[in-house]
Engineer: 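Provided herewith is a single structure, encoded as structure tokens, for subsequent inquiry.
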Amino acid sequence: MSAQKPPPPQDQRPSPLKRPRSPSPAAEASSKKPAPSFPAVAQAKSQTLKFTISGPAARFQYLRIRITHARPGNATALNELHFRSAINHALRETFGLIGASHHVDLLKFDAARQEGLVRTPYASCPTLRAALTLMREYQNNELRADVLDSSPFLFSIAHNSRVWKPVQERK
Amino acid sequence: MVRFKNRFLLFRLHYNDDPPAGPASSRHAALIDPVIHGGNISSAVKESILLNFGDYGAGIAATSTAVKYFSPWTNTGVLRCARDHFELVWAALTFVTQLKGKSCTFRVVHVGGTIKSVQQETLDLDRRLLGDIQKLGLVTAHQSADLLAKAREEIAAIDV
């Protein structure tokens, strides 16, 4: 049995306050050591960049509208004239004669898909969309209108990246 | 507490049909139709709102629109409507062109936000027009006084 050194008497042990401790950050800061140098990129503060693109006010809003019938068939399918008349009917029902006076031009119509490309002044777009949303029948046939696309730029309606595929992939 | 703000439109009704030839009194008499009452005008205005402004207009304005006073002798009346859409109601009133088969025009002569202001204007207008009718000899002084008293009573009874 090895002889262990007896602990020093209580009054001779070093005070807990004076025992060496791990260095604190405050102590390090005041220790006059040079701060570690970080690379310049990491030191830059994050910034929020804001870009504003402005141009002349849009004159027209272009909408691609599709009409879906409750009972699809040749009897209920609309031609160009009836498609435009259905839009007029929707405006008149919801907003009256004043609402029906909003300019709406049918630029293109696909009878097979019952889709039309419509142009309206930019300020009339909310009125037209509200009327189309509330349309539920035309000439006693139940139907609904969906706005597939809406943009003040006609070019952006030409193609949709979700639908369009490059020529190579199509083959 | 949300307070409902109103607008009171004081209007005059003018008939457009050519009055029959003759003295001024008979011409004026042809333009007085005691059968017309406020309910006729109220339903005409609501139909006009529905026709010209659709379901949207009827939803926001028609329920708060009511004729509070109408005198078929002076063809003046007071229409109450909500403050937010009083211009829509004013336009619909202007678009009313026929009343009980007769071609007519409505003209708004005063717009007030409080009952008191419109009551005073209505009373002044009715007093002046009843005086004109009396001068034309359509009513006697006694009848004119009775009509004025009746008008004063009905105007004082205008309520929100």
Side-chain angles (χ1 to χ4, degrees), chain A residues 60-63 65-70 76 78 81-106 116 118-147 150, chain B residues 5-7 9 11 13-14 16 38-67 77 79-108 111:
Chain A
F60 295 108
Q61 186 83 2
Y62 298 89
L63 297 103
I65 301 165
R66 177 182 61 204
I67 285 187
T68 309
H69 301 272
T76 52
L78 304 175
L81 188 60
H82 283 295
F83 190 89
R84 177 65 184 85
S85 182
I87 295 174
N88 193 47
H89 172 78
L91 280 166
R92 180 138 179 199
E93 282 282 301
T94 308
F95 295 106
L97 291 176
I98 306 295
S101 68
H102 285 283
H103 291 287
V104 175
D105 300 321
L106 182 62
V118 147
R119 178 181 74 172
T120 186
Y122 190 74
S124 300
C125 182
T127 308
L128 177 61
R129 284 199 77 158
L132 289 171
T133 304
L134 292 171
M135 180 166 75
R136 51 163 285 274
E137 62 85 24
Y138 173 66
Q139 292 186 339
N140 294 323
N141 293 320
E142 280 189 348
L143 48 73
R144 74 163 196 269
D146 299 314
V147 176
S150 170
Chain B
K5 301 286 184 177
N6 295 314
R7 285 289 180 264
L9 309 178
F11 62 88
L13 168 61
H14 300 273
N16 298 333
N40 299 131
I41 296 175
S42 183
S43 57
V45 169
K46 289 184 183 178
E47 269 178 37
S48 175
I49 292 174
L50 187 62
L51 174 67
N52 291 296
F53 297 98
D55 293 339
Y56 165 75
I60 58 170
T63 49
S64 62
T65 303
V67 172
L79 182 73
R80 188 229 33 214
C81 57
R83 181 186 65 174
D84 292 340
H85 310 291
F86 83 97
E87 284 161 334
L88 187 150
V89 174
W90 189 343
L93 180 65
T94 308
F95 284 136
V96 175
T97 54
Q98 279 223 342
L99 198 61
K100 287 229 164 185
K102 288 187 189 173
S103 171
C104 64
T105 306
F106 283 90
R107 192 163 64 94
V108 172
V111 178

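Only heavy atoms go into these numbers, but all of them, side chains included; no hydrogens, no water, no symmetry mates.
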Engineer: Could you check whether atom OH of A/Tyr62 has more than 12 heavy atoms from other residues, nucleotides or ligands sitting under 6.0 Å from it?
Structural biologist: yes

Engineer: Got B/Phe95 and A/Ile98 here, is their nearest side-chain heavy-atom distance under 4.5 Å?
Structural biologist: yes

Engineer: Return yes when atom CD of A/Glu137 has more than 12 non-hydrogen atoms of other residues, nucleotides or ligands closer than 6.0 Å, and no otherwise.
Structural biologist: yes

Engineer: Roughly how far apart are A/Leu97 CG and B/Phe53 CZ, rounded to 0.5 Å?
Structural biologist: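 The distance works out to 9.5 Å.
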
Engineer: For a 4.5 angstrom cut-off between non-hydrogen side-chain atoms, does B/Asp55 reach A/Arg92?
Structural biologist: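 A side-chain contact under 4.5 Å is absent here.
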
